[in-house]
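Quantities reported herein were computed from a predicted structural model and do not represent experimental measurements.
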Amino acid sequence: MSTCFLLVPGAHAKDKVIAVKDVEWGYLNPARGDKSPGAADLWGDTHSLYGSFVKLPQGFEGEIVAKSDEFKAVVISGSLKYDNVKTLDPGSYFTLSKGAHSRIENEGNKPSIVYVRATSPYHVTDSK
C-alpha cells in the first residue's frame, strides 16, 4: 500500500507537505560543522508556537535548555541518554519547564533526531 498526498488550493492553501529528503538542515553551531547539532525549522517562528527537528550527531554530549513555558520533545530516530539516567528510544518523549536544563547524549552509532515543539527559543549546547 502506498500513501499519496493531494493538496487542493482553497480553504487549506497554507497546507504544506515536505518529504524527509527535502528537509532543509542547518547547524546550531556552524563553526563545528557536522559535529554540531543540526536543526530544521518546520513551521512558525521564534516568537510563537513553532516546531523543529534537532539532529544530534554520533557521539553528541550536551544539554538542552527550555526558554519557554511549553517545551515538548519526541525522539523520532536513534537513542538518547537523558540526564545520565534514562534511555529514550524512538517514540519516547520528554517535556521541560521554563529554565530547565537537561543533559542529553546520543547513544547510537548514527545521528538521533528529536522533534521539538516550543513556544519560544530553546538552546542545545555541545559539551565537547
When you compare the side chain of R32 with that of Y27, does any pair of heavy atoms fall below 4.5 Å?
no
Does V65 share a hydrophobic cluster with F53, counting links as ILVMFWY side-chain heavy atoms below 4.5 Å and allowing steps through other members?
no
Criterion side chain to side chain contact (heavy atoms under 4.5 Å, CB included) on K72 and V116, from CA distance to verdict
CA-CA 6 Å; K72 299 174 181 178; V116 173; over 6 Å; no
What's the spacing between E63 CD and S102 OG if we round to 0.5 Å?
7.5 Å
Mind running side chain to side chain contact (heavy atoms under 4.5 Å, CB included) on N84 and E105 for me, showing each step along the way?
CA-CA 8 Å; N84 295 321; E105 297 175 36; 2.9 Å; yes
Quick check: closest heavy atoms across L56 and L80, and the distance to 0.1 Å?
CD1-CD2, 3.6 Å
So, using salt bridge (charged side-chain N to carboxylate O under 4.0 Å, His left out) as the criterion, who are the partners of K81 when residues are at least two apart?
E107
Where at least one partner belongs to residues 64-89, residue pairs that pass ring-ring contact (aromatic ring centres under 6.0 Å, His included), sequence neighbours excluded:
F71-Y122, Y82-F94
Can you confirm whether S79 sits close enough to T87 that some side-chain heavy atom of one is under 4.5 Å from a side-chain heavy atom of the other?
yes
Determine the minimum heavy-atom distance between S97 and A66, stating which atoms define it.
O-CB, 3.5 Å
Decide whether V23 and V74 are clustered together by the hydrophobic rule: side chain heavy atoms of Ile, Leu, Val, Met, Phe, Trp, Tyr closer than 4.5 Å, transitively.
yes
In Å and rounded to the nearest 0.5 Å, what is the NZ to CD distance from K35 to Q58?
9.5 Å
Rounded distance [0.5 Å steps], OG1 in T95 versus CZ in R117:
13.0 Å
Please identify each residue that fulfils side-chain contact (heavy atoms from CB on, under 4.5 Å) with A19, with sequence neighbours left out.
K21, D22
Checking side chain to side chain contact (heavy atoms under 4.5 Å, CB included) against P37, which of V124, I64, V114, I104 comes through?
V124
Measure from the side-chain N and O atoms of N106 to the backbone N and O of G108, and report whether any donor-acceptor pair falls under 3.5 Å.
yes
After noting the C-alpha distance and the side-chain angles of S52 and D41, does the key distance pass the side chain to side chain donor-acceptor pair (under 3.5 Å) rule?
CA-CA 4 Å; S52 59; D41 291 334; 4.7 Å; no
How long is the gap from NE2 on H101 to OG1 on T125, to the nearest 0.5 Å?
8.5 Å
If you take all heavy atoms of E24 and A40, which pair is closest and at what distance?
O-CB, 3.3 Å
Taking C-beta and beyond as the side chain, do E61 and R103 meet within less than 4.5 Å on heavy atoms?
yes
Are side-chain heavy atoms of K67 and K98 found at a separation under 4.5 Å?
no
Does N29 use its side chain to pair, donor to acceptor, with the backbone of G33 at less than 3.5 Å?
no
Which heavy atom in P90 sits nearest to a heavy atom in G78, and how many Å separate them?
CD-O, 3.1 Å
So S36 and D126, side chain to side chain contact (heavy atoms under 4.5 Å, CB included) or not? Walk me through it.
CA-CA 7 Å; S36 168; D126 190 340; 5.7 Å; no
